[in-house]
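Here the structure comes first, spelled out in structure tokens, and everything after it is commentary.
Count residues from 1 along the sequence.
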Amino acid sequence: MPPPPTPPVAVSVLVPVLDEAATIEATVAAMLAQELDGRLELIFADGASTDGTRSRLEALARTDDRIRVFGNPDRGTASGLNVCLREARGEYVARMDAHTYFGSDYLARGIERLQRGDTTWVAGPQRPRGRGRVSRSAVAALESPLGRGASRKWASDGDDSPEFDLDTGVFCGVWRRDDVLRHGGWDEGWPRNQDSELAARFLRNGERIVCVPAMAADYLPRDAFGGLFRQYRQYGQYRARTALRHPDSLRRSALLPPVLVLTAAAAVVAPRPLRTLARIGAGVYAAALGASAAQTAVRGRPLEAALLPAVLPTMHLAHGLGFFEGARRWGFPARAVLRAIGIRRPEDEAPYTGPVHAPNLHGGEPR
């Protein structure tokens with residue numbers, strides 16, 4: 001007698017991985033624990049790991065046919081997402097990261113919200129969790145207005161607010177597969193900030209991105225100053241590139257890091273009148289750092305407060321430096337900067353219709 005047919009897949013979870021052997025079994029177990037009406041599949045794209053991640057995943061796949069493993073020799077997050085998207089069999093797809101912890105109803109809530117209509121992208125907020133002194137101080141930074149800016153993607157404990165719309169500040173998400181394919185998938189020229197670039201294409205097409213607070217997922221910030229600096233430097237580089245392609249994607253608060261870099265430089269090398277103004281500006285920034293640290297201390301977190309005046313400048317200066325590096329590499333996003341300060345031009349409202357670099361979305365499995 002032939003085996004019974006495999007039920008159709010309801011949702012495919014897309015997971016790029018690279019050197020995750022230490023935690024991959026726990027990651028898979030947590031993802032399989034999603035409570036869902038319908039069949040789930042986990043699709044992993046391994047970026048040529050050297051620590052045995054792929055062999056561990058393939059061993060898990062031999063015992064559970066909901067797990068599928070493919071190669072991602074380009075190693076990038078965007079290319080891995082496109083490999084997974086190409087192989088997905090579900091009507092719905094969701095992005096999940098290996099170092100993020102999602103609630104057991106994350107997928108069910110996302111699908112239910114999509115089925116209600118009026119949106120094509122549903123996401124939960126990003127809830128930072130600390131594990132060491134630097135990481136916990138980064139959490140405190142991201143809980144402050146100086147750290148999160150105008151971004152609405154960050155969540156705090158006890159957030160029971162109703163859903164709200166997001167701009168390009170997004171974190172993972174749930175979609176209908178056809179909607180992501182219609183937009184061309186993730187652009188593989190964006191090793192960082194690829195979700196924001198994709199979100200800009202959705203938004204410029206007149207589509208909504210809805211954030212459901214109950215879908216909050218726990219995110220672990222870097223626990224070393226060097227790692228934090230490199231992360232935010234790359235964010236800045238690709239924030240500039242995203243702003244160049246999508247001028248409406250740059251919010252005003254994102255100008256603080258590059259302005260801070262200019263202020264720091266002017267405070268040292270500018271002619272006297274400008275140098276004096278720059279030093280006044282640096283003093284205002286230092287006062288804001290002190291106020292943020294004081295608020296953290298008042299909330300009963302003195303150790304995090306002590307490091308906050310070092311963590312916030314690390315994040316801001318790295319992001320600002322990266323922004324100028326990105327502008328030097330791809331061009332200065334002048335239209336985005338003008339738009340962010342309130343100068344808008346009609347041509348900046350047109351949807352992006354240029355090419356999307358997504359070769360791994362169309363071929364067979366890359367080897």
Side-chain angles (χ1 to χ4, degrees), residues 14 16 18 45 47 72 74-82 95 97 99-100 121 123 126 138 142 147-154 166-173 180 183-204 209 219 221-222 226-262 314-337 339-340 348 352 354-361:
L14 320 178
L18 175 63
N72 174 30
D74 292 342
R75 311 190 80 183
T77 301
S79 62
L81 286 166
N82 284 337
R95 175 180 175 176
D97 288 341
H99 289 288
T100 301
W121 184 327
Q126 197 169 357
L142 292 169
R148 68 172 64 186
S151 175
R152 304 187 71 190
K153 73 174 183 177
W154 300 102
L166 290 171
D167 57 15
T168 57
V170 291
F171 178 63
C172 296
V180 185
H183 284 282
W186 284 268
D187 194 307
E188 295 173 29
W190 265 255
R192 290 279 188 187
N193 215 46
Q194 63 277 145
D195 279 347
S196 291
E197 192 283 324
L198 178 60
R201 284 183 268 141
F202 272 71
L203 292 169
R204 296 190 78 180
I209 302 176
Y219 155 78
R222 301 291 194 274
L228 200 64
F229 185 89
R230 288 189 294 273
Q231 178 187 25
Y232 275 82
R233 186 176 183 177
Q234 290 180 328
Y235 283 158
Q237 292 170 351
Y238 285 92
R239 172 56 65 190
R241 189 176 189 186
T242 303
L244 186 66
R245 174 180 279 189
H246 305 288
D248 53 348
S249 69
L250 189 69
R251 68 175 72 91
R252 185 174 302 176
S253 62
L255 297 178
L256 172 62
V259 167
L260 182 61
V261 169
L262 292 177
T314 297
M315 296 161 64
H316 288 152
L317 291 172
H319 197 285
L321 178 62
F323 187 90
F324 286 116
E325 290 174 338
R328 182 180 63 186
R329 182 174 177 183
W330 295 294
F332 187 77
R335 290 191 299 164
V337 171
R339 183 183 174 90
D348 295 337
Y352 177 75
V356 175
H357 180 66
N360 288 297
L361 187 56

When rounded to the nearest 0.5 angstrom, what distance separates [atom1] in [X] from [atom2] in [Y]?
{"X": "Leu203", "Y": "Leu198", "atom1": "CG", "atom2": "CG", "value": "9.5 Å"}
{"X": "Leu81", "Y": "Arg95", "atom1": "CG", "atom2": "CZ", "value": "5.0 Å"}
{"X": "Ser196", "Y": "Phe171", "atom1": "OG", "atom2": "CZ", "value": "12.0 Å"}
{"X": "Leu262", "Y": "Phe323", "atom1": "CG", "atom2": "CZ", "value": "10.0 Å"}
{"X": "Leu321", "Y": "Leu260", "atom1": "CG", "atom2": "CG", "value": "11.5 Å"}
{"X": "Asn82", "Y": "His357", "atom1": "CG", "atom2": "NE2", "value": "9.5 Å"}

Quick one: does [X]'s side chain have a donor or acceptor within less than 3.5 Å of a partner on [Y]'s backbone?
{"X": "Gln194", "Y": "Thr77", "result": "no"}
{"X": "Asp195", "Y": "Ala199", "result": "no"}
{"X": "Arg75", "Y": "Gly47", "result": "yes"}
{"X": "Arg245", "Y": "Ala200", "result": "no"}
{"X": "Arg252", "Y": "Ala340", "result": "yes"}

Which heavy-atom pair separates [X] from [Y] by the least distance, and what is that distance?
{"X": "Ala254", "Y": "Pro258", "answer": "O-CD, 3.4 Å"}
{"X": "Leu244", "Y": "Phe332", "answer": "CD1-O, 3.8 Å"}
{"X": "Gly184", "Y": "Ala358", "answer": "O-CB, 3.5 Å"}
{"X": "Ala78", "Y": "Trp190", "answer": "CB-O, 4.0 Å"}
{"X": "Gly80", "Y": "Ala45", "answer": "O-CB, 3.5 Å"}
{"X": "Leu317", "Y": "Val261", "answer": "O-CG2, 3.8 Å"}

Would you say [X] and [Y] make side-chain contact, with heavy atoms under 4.5 Å?
{"X": "Arg204", "Y": "Pro247", "value": "yes"}
{"X": "Leu142", "Y": "Met315", "value": "yes"}
{"X": "Pro359", "Y": "Glu188", "value": "yes"}
{"X": "Thr242", "Y": "Thr168", "value": "no"}

Q.
Pair Trp121, Val180 - check side chain to side chain contact (heavy atoms under 4.5 Å, CB included), show working.
A. CA-CA 9 Å; Trp121 184 327; Val180 185; over 6 Å; no

Q. Please walk me through it: do His316 and Leu256 pass side chain to side chain contact (heavy atoms under 4.5 Å, CB included)?
A. CA-CA 8 Å; His316 288 152; Leu256 172 62; 4.0 Å; yes

Q) So which pairs with a foot in residues 317-332 pass side chain to side chain donor-acceptor pair (under 3.5 Å), sequence neighbours left out? A)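 Sorted result for residues 317-332: Arg233-Glu325, Gln237-Glu325.
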
Q | Pairing of Arg201 and Asp187 as salt bridge, 4.0 angstrom limit | A |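 No, Arg201 and Asp187 are not salt-bridged.
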
Q: Could you pull out all residues at least two apart from Gln231 that satisfy side-chain hydrogen bond (donor to acceptor under 3.5 Å, both in side chains)?
A: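 Scan of Gln231 (side-chain hydrogen bond (donor to acceptor under 3.5 Å, both in side chains), adjacent residues dropped) gives Tyr219, Tyr235.
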
Q.
Test side chain to side chain contact (heavy atoms under 4.5 Å, CB included) on Ser249 and Arg239; report intermediate values, then the result.
A. CA-CA 9 Å; Ser249 69; Arg239 172 56 65 190; 4.2 Å; yes

Q. Which residues satisfy the salt bridge (Lys or Arg N to Asp or Glu O under 4.0 Å) test with Arg222, sequence neighbours excluded?
A.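 Salt bridge (Lys or Arg N to Asp or Glu O under 4.0 Å) list for Arg222, sorted by chain: empty.
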
